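To keep things clear, I will list the structure first and then write my remarks on it.
Since the model is a prediction, treat every value here as computed from it, not as a measurement. Quick note: residue numbers are just sequence positions, from 1.
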Amino acid sequence: MEVEQNNISVSGAIKSISIFGATGSVGTSTLDLIRLEPHLYNVMVLTANSDAEKLARLAIEFSADLAVIADAQYLPALDKALAGSGISSAGGAEALVKAAQIDSDWTMASIVGCAGLEPILTAVERGKIVALANKESLVSAGALMMAAVHKSGTRLLPVDSEHNALFQCLAGGSLDQVRRLTLTASGGPFRTFSLEEMQNVTPAQAVAHPNWSMGTKISVDSATMMNKGLEYIEAHHLFPVGLEKIEILVHPQSVIHSMVEYIDRSTIAQLGAPDMCIPIASALAWPNRMVTDSAPLNLLDIARLDFEAPDYERFPSLRLAHDAIEQGGACPAILNAVNEVAVGAFLEDRLGFTEIAQLCEKIVTDYNPKTPHNLDDLLAIDAEARSLAFAGIG
Ligand code: NDP
């Protein structure tokens, strides 16, 4: 099958691949899929932050051209682990951006946090395919990122399971025919906890998601439901139907990953086992489909699907995200930056679970910079919000 999408040619030929965040949960699942049919892919770039040993192991296994470690202090360890392999290496944030200029056909953006923003923007500017897992960049710099996507003609393929579900449900439809986009949410491990019970939860409890296996930051975000708030903002940028047409529905079984209701009242949902390999496979094989090892969906075993309205009082992060995108300007970037710092502090036992949203609310309220107009403005706001957050934690 040969399909032309702007300047993107998608055929059965070998795809060259870059994976930013190759050592993480999404990066590892992407490489698991590549292992299923390695002859179809040429891995050019793999990156990590500090896990030099895993990065080197993966780079050698997949015969990558280049391995980049974002935290340059780990470059000697990477070089040692790559010795004799012939694989090039580099270290530091600038090296990450340079690696994003390498002209691979398909880039997985799976760095966690706003640290992924500059490499993703660079990859987007090349106008090829970018599979987007990194929601924080889009939350923080949605307008900039979407403008770059439209300018370059890049195909941005959502990998977040909900947005990937919407993308699939929208195939054959168009945004002006949409009445409602429903993002489903598992509700996380504390769906039934009272606010008092939530005050005492530990990092170990928060990262134990009932349905999904994910990195620590997104697991904590799922527990506070900030993840769903970030996804609400992400959906607004990816599928601009108007905020009033995007809703959140708690669905504890995580079987329906999201739905689109059209103007004729037809609702199309995407279902599957809660396994990130499924949405990643959809992006990796796009516009085709590929065989995966994922478990089949057995509705007889699941037997029932439940739904609840989200609780904005017990999960104030949802309200904060709604308010931030409604207010616009710098608010989403500030919310995202403070949340990243707060989640890090919670994981290190320096901040209570319910204090994550409290800190976000305080700094989004107190800090009122001018609307960012370019990347430099945005990075300055992100940095200032982080230092206010660190000061607030003490
Ligand atoms: P992980 O924490 O498992 O992995 C993060 C990856 O990013 C690792 O490769 C890590 O390297 C690298 N990294 C971390 N910090 C930096 C930095 N400062 N600079 C450069 N690289 C860095 O995260 P996940 O895979 O869970 O999530 C990745 C992204 O995908 C997040 O934005 C998340 O919200 C999104 N996502 C994740 C899903 C999931 O199921 N996990 C589902 C949907 C979206 P190292 O290993 O060296 O630390």
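Under 4.0 Å is where a charged nitrogen must lie from a carboxylate oxygen, and between K370 and D377 no such pair does. A salt bridge links D160 with K135: the closest approach of a Lys/Arg side-chain nitrogen to an acidic carboxylate oxygen falls below 4.0 angstrom.
Judged as a side-chain hydrogen bond (donor to acceptor under 3.5 Å, both in side chains), the pairs with a partner in residues 333-362 (not counting sequence neighbours) are, in order, D221-N339, R319-E361, N336-E340, E340-R386, E348-R350, K362-D366. A side-chain hydrogen bond (donor to acceptor under 3.5 Å, both in side chains) check over residues 82-100, counting only residues at least two apart or in different chains, returns the pairs D79-S89.
Legend: residues meeting ring pair (Phe, Tyr, Trp, His ring centres under 6.0 Å) with H257, ordered by chain and number and at least two apart, are W212.
In this pair, H163 and F239 present their aromatic rings parallel. The plane angle is below 30°, not in the 30 to 60° band.
Here the CD-OG1 distance, from E231 to T184, works out to 8.5 Å after rounding to the nearest 0.5 Å. To the nearest 0.5 Å, atom OG1 of residue T365 and atom CD1 of residue I363 are 9.5 Å apart. How far CG of L305 is from CG of L271: 7.0 Å, rounded to the nearest 0.5 Å.
Considering all non-hydrogen atoms of both residues, S104 and S16 come closest at CA-OG, 3.4 Å.
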task: Walk me through it: do R180 and T182 pass the test side-chain contact (heavy atoms from CB on, under 4.5 Å)?
output: CA-CA 6 Å; R180 187 168 44 157; T182 301; 4.0 Å; yes
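For the residue pair S186 / H209, a side-chain donor-acceptor distance below 3.5 Å is found, with atom types taken as modelled.
Hydrophobic clustering of Ile, Leu, Val, Met, Phe, Trp and Tyr side chains at less than 4.5 Å, counting indirect connections, unites Y367 with L379.
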